Amino acid sequence: MLLLDNVHKVYGKNKEKKVEALKGINLSVNKGEIFGVVGFSGAGKSTLIRCVNLLERPTSGKVLINGVDLLSLSKKELRQQRKKIGMIFQQYNLLHSKTIFQNVAMPLILDGKPKQYIKEKVTELLSFVGLEDRMSHYPEQLSGGQKQRVGIARALATDPDILLCDEATSALDPSTTESVLDLLRKVRDEFEVTILMITHEMNVIRDICDKVAVIEGGVIVEQGSVIDVFTEPKTGITRSFVRTILNDDTPHSIKELIKANSGKTYRIIFKGNSTNIPLLSDTAKNFSVDLNVFHGMITELQGIPFGNLLVNMNGDSEEITRAIQFMKDREAIVKEVTHDAL
Ligand SMILES: Nc1ncnc2c1ncn2[C@@H]1O[C@H](COP(=O)(O)OP(=O)(O)OP(=O)(O)O)[C@@H](O)[C@H]1O
Ligand SMILES: [Mg+2]
């Protein structure tokens with residue numbers, strides 16, 4: 001559906017002012033997927049999303065939507081294609097002198113649609129986002145969450161295949177964020193719209209995305225399904241993002257306790273099927289090892305139970321090796337944690 005192939009973006013012309021914001025981005029988003037890109041400030045997120053609808057033209061590489069390379073299109077053809085790409089922004093970008101109705105109608109007016117069609121479409125969209133009673137209000141009469149709903153309605157006016165969201169919830173409080181994310185999920189489910197969202201908030205990724213890519217310094221350092229990336233982050237930056245919501249930092253007093261103990265310490269991560277079985281007690285029954293849980297939590301990701309425990313194991317080293325294999329055979333991820341890495 002959406003494919004970015006080795007996309008580079010360099011800002012500035014002369015040497016001193018050159019900024020290489022994207023350094024060879026490869027990304028593939030399937031139809032109906034909600035794909036999140038997360039990264040710190042300055043990582044290149046906005047540049048990346050703006051390269052998808054050519055608000056920024058990539059310096060090199062390809063942007064393919066349903067197999068069509070946007071960079072090869074004429075101005076007129078690009079205008080047609082852009083109708084299939086909606087976008088919402090952190091600051092909503094509504095026209096303050098226009099009513100809510102007029103804001104949502106704008107893309108249809110620009111597209112030369114008949115009046116009656118516009119009236120019906122805008123009414124339907126405002127009802128979809130729950131603001132049909134606010135049609136004649138102006139943006140400043142709405143809350144942030146309501147303004148973003150108007151932004152979503154406007155983005156859907158031209159029946160897009162893709163919706164791009166640039167930090168769409170970053171200006172909202174947690175409960176409003178949740179309701180806007182629910183609405184975006186409804187957009188995907190009811191209109192089969194593919195959603196590409198960039199954010200610096202890991203809770204947004206956890207709550208709504210199917211897949212996630214982590215961007216750092218204009219490079220995608222890691223990508224995969226949300227459950228895989230959250231359970232087995234491979235890079236330091238991903239681990240730090242995951243930590244912001246899984247809260248698996250070991251408290252100081254527990255670190256001291258672990259250091260004072262003999263035996264080895266392991267992080268045991270289990271998801272899906274392995275959460276249904278009494279993994280630790282089965283292990284303790286089958287092998288001569290003492291298991292001591294120091295820290296951890298069990299929660300849910302994408303509707304799948306997910307556990308992350310810090311466990312001390314004491315016993316004969318061969319027995320420990322077999323116990324670890326036993327847990328791995330039951331789909332748990334078991335990794336030794338050195339005291340320095342706690
Ligand atoms: N128009 C521009 N001209 C020159 N440099 C730019 C321009 N826009 C962005 N940059 C630079 O490109 C890099 C990536 O910026 P970008 O806005 O894509 O980051 P971001 O991940 O969206 O950050 P934030 O989370 O703060 O919005 C930064 O170093 C930035 O200074
Ligand atoms: Mg940005």
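Just so it is clear, the structure is predicted and the values come from calculations on it, not from any experiment.
- By the criterion of side-chain heavy atoms lying less than 4.5 angstrom apart, applied directly or through intervening Ile, Leu, Val, Met, Phe, Trp or Tyr residues, Leu64 is not grouped with Leu4; the two fall into different hydrophobic clusters.
- In the hydrophobic clustering of this structure, Leu94 groups with Leu163; members are Ile, Leu, Val, Met, Phe, Trp, Tyr whose side-chain heavy atoms approach within less than 4.5 Å, directly or through other members.
- In this view, Asp5 satisfies the salt bridge (charged side-chain N to carboxylate O under 4.0 Å, His left out) rule with no residue, not counting sequence neighbours.
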**OP:** Go through the steps for Ile34 and Leu184 under the test side-chain contact (heavy atoms from CB on, under 4.5 Å), then give the verdict.
**Re:** CA-CA 9 Å; Ile34 304 185; Leu184 289 173; 5.7 Å; no
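- A salt bridge between Arg185 and Asp182 is present, with a side-chain N of the basic residue lying under 4.0 Å from a carboxylate O of the acidic one.
- In this structure His96 satisfies the side-chain contact (heavy atoms from CB on, under 4.5 Å) test together with Pro139, Glu140, sequence neighbours excluded.
- Ring pair Phe287/Phe326 is perpendicular by interplanar angle, where above 60° counts as perpendicular and below 30° as parallel.
- Under the 4.5 Å side-chain criterion, counting only non-hydrogen atoms from C-beta, Thr250 is in contact with Arg267.
- Thr176 has its side chain out of reach of Ser143: every pair of non-hydrogen atoms, C-beta onward, lies at least 4.5 Å apart.
- Counting only distance, with no hydrogens or angles, the side chain of Gln148 and the backbone of Phe89 share a donor-acceptor pair below 3.5 Å.
- By the 6.0 Å contact criterion, NZ on Lys259 is enclosed, its count of non-hydrogen atoms from other residues, nucleotides or ligands being greater than 12.
- Scanning all heavy atoms of the two residues, the minimum distance from Val226 to Cys209 falls at CG2-O, 3.3 Å.
- Distance check, rounded to the nearest 0.5 Å: NZ of Lys147 to CD of Gln141 gives 10.5 Å.
- Contacts of Glu178 classified as salt bridge (charged side-chain N to carboxylate O under 4.0 Å, His left out), with partners at least two apart in sequence or in another chain: none.
- With sequence neighbours excluded, the residues that form a salt bridge (charged side-chain N to carboxylate O under 4.0 Å, His left out) with Lys83 are Asp111.
- Contact check for Ser170 versus His200: side-chain heavy atoms found under the 4.5 Å cut-off.
- Shown here are the side-chain contact (heavy atoms from CB on, under 4.5 Å) partners of Ser281, two or more places apart in sequence or in another chain: Pro278, Lys285.
- Scanning for side-chain contact (heavy atoms from CB on, under 4.5 Å) contacts around Lys211 gives Asn30, Glu33, Phe35, with sequence neighbours left out.
- Checking side-chain atoms of Glu222 against main-chain N and O of Val214 turns up no donor-acceptor pair under 3.5 Å.
- With sequence neighbours excluded, the residues satisfying side-chain contact (heavy atoms from CB on, under 4.5 Å) with Ser262 are Asn314.
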**OP:** Please test Leu22 against His8 for side-chain contact (heavy atoms from CB on, under 4.5 Å), starting from the C-alpha separation and ending with a verdict.
**Re:** CA-CA 5 Å; Leu22 299 179; His8 287 257; 5.6 Å; no
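- Contacts classified as ring-ring contact (aromatic ring centres under 6.0 Å, His included) and involving residues 115-163 (residues at least two apart or in different chains) are given here: Phe128-Phe191.
- Residue pairs meeting the salt bridge (charged side-chain N to carboxylate O under 4.0 Å, His left out) criterion with at least one partner in residues 55-77, sequence neighbours excluded, are Lys9-Glu56, Arg50-Glu56.
- Here the shortest heavy-atom pairing between Pro233 and Thr238 reads CB-CG2, 3.7 Å.
- Residues Leu164 and Leu73 fall within the same hydrophobic cluster, defined by Ile, Leu, Val, Met, Phe, Trp and Tyr side chains chained together at heavy-atom separations under 4.5 Å.
- Partners of Arg79 under the salt bridge (charged side-chain N to carboxylate O under 4.0 Å, His left out) rule, at least two apart in sequence or in another chain, do not exist in this structure.
- Within a 6.0 Å sphere centred on NE2 of His339, other residues, nucleotides and ligands contribute more than 12 heavy atoms.
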Original post:
Is there a salt bridge (Lys or Arg N to Asp or Glu O under 4.0 Å) between Lys271 and Asp228 once you walk through the steps?
Top reply: CA-CA 10 Å; Lys271 59 185 173 187; Asp228 286 346; 3.1 Å; yes
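- Taking 4.5 Å as the limit, some side-chain heavy atom of Leu27 sits within range of a side-chain heavy atom of Leu48.
- Here the closest non-hydrogen pair linking Gly218 and Ile25 is O-CD1, 3.4 Å.
- Panel note: side chain Lys119, backbone Pro114; no donor-acceptor pair is recorded below 3.5 Å.
- Contact between Phe230 and Val242 at its shortest, heavy atoms only, is O-CG1, 3.7 Å.
- When all heavy atoms of Val204 and Met197 are compared, the pair lying nearest together is CG1-CE, 3.8 Å.
- A 4.5 Å side-chain heavy-atom check between Glu232 and Lys335 finds at least one atom pair inside the cut-off.
- The two residues Met202 and Phe241 make their nearest non-hydrogen contact at CG-O, 3.3 Å.
- For the side-chain contact (heavy atoms from CB on, under 4.5 Å) with Ile268, the lone residue among Asn308, Ile333, Leu280 that qualifies is Leu280.
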**OP:** Mind running side-chain contact (heavy atoms from CB on, under 4.5 Å) on Ile49 and Met87 for me, showing each step along the way?
**Re:** CA-CA 9 Å; Ile49 208 158; Met87 188 161 186; 3.9 Å; yes
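- When atom types are taken as modelled, the side chain of Lys17 and the backbone of Gly12 share no donor-acceptor pair closer than 3.5 angstrom.
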Indicate every side-chain donor-acceptor pair of residues 97-109 with a distance under 3.5 Å to a residue at least two apart or in another chain.
residue: Thr99; atom: OG1; partner: Phe101; partner atom: N; Å: 3.4
residue: Thr99; atom: OG1; partner: Gln102; partner atom: N; Å: 3.1
residue: Thr99; atom: OG1; partner: Gln102; partner atom: OE1; Å: 3.3
residue: Gln102; atom: OE1; partner: Thr99; partner atom: N; Å: 2.8
residue: Asn103; atom: OD1; partner: Leu95; partner atom: N; Å: 2.7
residue: Asn103; atom: ND2; partner: Leu95; partner atom: O; Å: 3.0
residue: Asn103; atom: ND2; partner: Lys98; partner atom: O; Å: 3.2
residue: Asn103; atom: ND2; partner: Thr99; partner atom: O; Å: 3.1

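- Leu3 and Leu196 are members of different hydrophobic clusters when ILVMFWY side chains are connected at heavy-atom separations under 4.5 Å.
- Residue-environment remark: CD (Glu190) exceeds the threshold of 12 foreign heavy atoms within 6.0 Å.
- Using a 4.5 Å heavy-atom threshold, the side chains of Val129 and Val150 count as separate.
- A salt bridge (charged side-chain N to carboxylate O under 4.0 Å, His left out) check over residues 324-334, counting only residues at least two apart or in different chains, returns nothing.
- At a threshold of 4.5 Å between side-chain heavy atoms, the hydrophobic network of Ile, Leu, Val, Met, Phe, Trp and Tyr places Leu110 and Val122 in two separate groups.
- When side chains are defined from C-beta on, Arg82 does not count as touching Thr158, because their heavy atoms never get closer than 4.5 Å.
- Under a cut-off of 6.0 angstrom, the local environment of NZ in Lys84 is crowded, with over 12 non-hydrogen atoms contributed by other residues, nucleotides or ligands.
- Tested against Ile162, the residues Asn53, Val193, Ile65, Val29 include a single side-chain contact (heavy atoms from CB on, under 4.5 Å) partner, Ile65.
- With contacts defined as side-chain heavy-atom distances shorter than 4.5 Å, the pair Val334/Val311 does not qualify.
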Subject >> Test log, rule side-chain contact (heavy atoms from CB on, under 4.5 Å), inputs Ile198 and Ile215 >> reply: CA-CA 10 Å; Ile198 62 159; Ile215 184 169; over 6 Å; no
